[in-house]
Chemist: 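Below are the structure tokens for one structure; questions will follow.
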Amino acid sequence: MFINAIAHYLPKEEVHNDYFLRNGLTDEWIFQRTGIKTRKKASPSENSHTMGLEAVQLALRELPYPVEEVDLIIGATYSPFDTVGTVAHYVQQNLQIPNAAVVTVSSACSSFVNAVEVVEGYFASGKASKALVVASEHNTAYSNDDDEVAGHLWGDGASAVFISKEAESQDESQILEVFSRGHGHIGRGPEGVYLRPNNGGIGMPFGRDVFTHAIHYMTESTKEVLKKRDLLPSQLRYIIPHQANARIIKNVLKQLEMQPEQAWVNITDCGNTGCASTAIGLSQAYNKIRKNEYAVLTVFGGGYSSGAILIQR
């Protein structure tokens with residue numbers, strides 16, 4: 001599989017840590033424990049649909065073929081504007097793509113990796129050859145600012161990636177491996193992080209459990225995709241981890257014996273943008289990855305689930 005075009009969208013409004021002094025949380029306290037300074041917040045006129053479409057429109061500038069040739073659209077989100085008319089349907093409507101299969105997946109913060117894996121399955125079965133994956137999270141629509149445990153973590157944003165079964169141009173990255181696994185039977189599982197309608201917003205009552213398992217399984221997923229290509233972590237240009245917590249990222253690097261400069265980190269300015277975080281990170285880092293260099297996206301999601309994608313530029 002090949003990446004034909006990629007882009008991301010971040011809202012203009014920023015919410016600084018000082019906002020959460022209302023909960024007795026200082027800028028220093030939040031930064032030391034999470035790595036977050038500010039987070040992006042969608043405007044009242046924005047939602048996961050509109051942010052996803054914004055990212056797609058930006059990616060279209062680099063697309064080497066007419067968008068009408070897309071025959072598969074996969075949405076990825078756990079913070080939907082509409083659970084029936086999904087972000088993928090919204091993109092299909094606005095771009096007038098008539099012949100595409102349309103699916104939206106939700107597996108918490110690993111949803112983007114799972115969406116790419118769905119694309120892999122469609123390609124393998126011969127049911128599609130050109131796909132669009134849209135990862136979009138509107139966390140601030142669901143988060144509770146008064147929640148002292150998790151209210152300060154969340155940010156909004158989206159990314160769009162066009163993927164083809166065969167190469168469409170010379171300057172494309174190849175997706176070499178995609179791996180995912182569910183962990184609902186591990187630790188607190190579905191209790192670790194939750195988003196239940198009419199139940200106080202996104203909750204993370206067992207943060208330590210999430211923290212521990214995220215480090216273990218993001219490390220394990222990275223090793224899994226590297227092992228299939230006989231690669232070592234030291235050979236990566238970048239690891240682009242899910243942006244949940246800077247301390248998680250630091251520990252993953254330690255477990256993999258990687259250098260700090262090998263990690264692409266955007267949590268400081270963006271907050272936790274959910275499943276979109278790794279896709280946003282890839283978009284941000286994309287032009288810094290040189291020909292023949294490797295990058296790994298690695299994720300852990302509430303529920304629990306994990307996964308990784310290995311890319312060669």
Side-chain angles (χ1 to χ4, degrees), residues 20 23-25 29-30 32-36 39 48 75-83 86 104-115 117-118 135-157 179-222 224 241-252 255 267 270-278 297-308:
F20 295 97
N23 297 334
L25 308 180
W29 189 94
I30 294 173
Q32 285 182 347
R33 285 158 178 79
T34 68
I36 300 171
R39 67 280 294 144
S48 55
T77 185
Y78 60 78
S79 55
F81 174 70
D82 189 335
T83 61
T86 70
T104 291
V105 301
S106 179
S107 51
C109 295
S110 65
S111 300
F112 174 72
V113 171
N114 291 115
E117 197 166 39
V118 171
S136 185
E137 299 288 17
H138 190 190
N139 284 310
T140 63
Y142 293 93
S143 62
N144 177 4
D145 288 351
D146 295 325
D147 179 358
E148 297 175 9
V149 176
H152 52 283
L153 299 177
W154 312 107
D156 301 329
F179 168 79
S180 73
R181 183 169 291 163
H183 305 291
H185 61 298
I186 299 294
R188 291 291 182 172
E191 300 172 8
V193 186
Y194 65 82
L195 173 52
R196 300 165 186 157
N198 304 315
N199 193 29
I202 305 173
M204 191 183 297
F206 301 103
R208 173 53 57 179
D209 196 67
V210 176
F211 185 92
T212 302
H213 288 105
I215 294 167
H216 176 79
Y217 287 107
M218 286 167 67
T219 302
E220 183 182 80
S221 295
T222 302
E224 183 73 23
H242 168 47
Q243 308 288 311
N245 186 297
R247 291 185 298 142
I248 291 175
I249 296 170
K250 182 179 179 180
N251 276 278
V252 170
Q255 295 290 324
I267 190 173
C270 298
N272 183 345
T273 50
C275 84
S277 72
T278 47
L297 282 65
T298 185
V299 299
F300 182 79
Y304 294 142
S305 55
S306 66

Chemist: Ignoring hydrogens, what is the shortest heavy-atom contact between H138 and Y142? Give both atom names and the distance.
Modeler: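 Answer, listing the atom of H138 first, then Y142: O-CD1, 3.6 Å.
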Chemist: List the atom pairs, with distances to 0.1 Å, where a side-chain N or O of residues 298-305 and a protein N or O form a donor-acceptor pair under 3.5 Å, not counting sequence neighbours.
Modeler:
from : atom 1 : to   : atom 2 : distance (Å)
T298 : OG1    : M218 : O      : 2.8
T298 : OG1    : T222 : OG1    : 3.3
Y304 : OH     : D209 : OD2    : 2.6
S305 : OG     : S107 : O      : 3.3
S305 : OG     : S110 : OG     : 2.6

Chemist: Starting from the C-alpha separation in whole Å, work towards a yes-or-no answer on side-chain contact (heavy atoms from CB on, under 4.5 Å) for I36 and H152.
Modeler: CA-CA 9 Å; I36 300 171; H152 52 283; 5.7 Å; no
Chemist: Return the minimal non-hydrogen interatomic distance between C275 and Y78, and the atom names on each side.
Modeler: N-CE2, 4.0 Å
Chemist: Please report the closest heavy-atom contact between G155 and R39, naming both atoms and the distance.
Modeler: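 Shortest heavy-atom contact: CA-CB, 4.0 Å.
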Chemist: Within the side chain of S136, is there an N or O that forms a donor-acceptor pair under 3.5 Å with the backbone of S48?
Modeler: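 A pair under 3.5 Å: yes.
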Chemist: Main chain of T83, side chain of T86: is a donor-acceptor contact present, judged purely on distance under 3.5 Å?
Modeler: no
Chemist: Could you tell me which residues satisfy side chain to side chain donor-acceptor pair (under 3.5 Å) with Q243, sequence neighbours excluded, listed by chain and number?
Modeler: none
Chemist: Around F81, counting heavy atoms of other residues, nucleotides and ligands shown, do more than 12 lie under 6.0 Å from its CZ?
Modeler: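 No, because the 6.0 Å sphere around CZ of F81 holds 12 heavy atoms or fewer from other groups.
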Chemist: Is a side-chain N or O of N139 found less than 3.5 angstrom from the main chain of N272, in a donor-acceptor match?
Modeler: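 Yes; judged by distance alone, with no hydrogens or angles, the pair exists.
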Chemist: The test is side-chain contact (heavy atoms from CB on, under 4.5 Å); show your working for H183 and S306 and say whether it passes.
Modeler: CA-CA 7 Å; H183 305 291; S306 66; 2.7 Å; yes
Chemist: Run the side-chain contact (heavy atoms from CB on, under 4.5 Å) test on V105 and E117 for me, step by step, so that the C-alpha distance in whole Å, both residues' side-chain angles and the decisive distance to 0.1 Å come before the verdict.
Modeler: CA-CA 11 Å; V105 301; E117 197 166 39; over 6 Å; no
Chemist: As an exercise, state the distance from CD1 of I249 to CD1 of I267, rounded to the nearest 0.5 Å.
Modeler: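 Between I249 CD1 and I267 CD1, I get 6.0 Å after rounding to 0.5 Å.
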Chemist: Not counting sequence neighbours, which residues clear side chain to side chain donor-acceptor pair (under 3.5 Å) with E224? List them please.
Modeler: none
Chemist: Treating S277 as the side-chain partner and T273 as the backbone partner, does any N or O pair qualify as donor plus acceptor under 3.5 Å?
Modeler: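 Not confirmed, S277 side chain does not pair with T273 backbone.
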Chemist: Specify the closest pair of heavy atoms between T104 and T77, including all atoms of both residues, with the distance to one decimal.
Modeler: CG2-CG2, 4.1 Å
Chemist: Between the main-chain N or O of R247 and the side-chain N or O of N245, is there a donor-acceptor pair closer than 3.5 Å?
Modeler: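 It does hold such a pair.
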Chemist: Where is the tightest heavy-atom contact between A76 and A115, given as atom of each residue plus distance?
Modeler: CB-CB, 4.1 Å
Chemist: Backbone N or O of T140 within a donor-acceptor pair of the D156 side chain at under 3.5 Å?
Modeler: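 Present.
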Chemist: Can you see whether E137 engages S79 through a side-chain donor-acceptor pair at a distance of less than 3.5 angstrom?
Modeler: yes
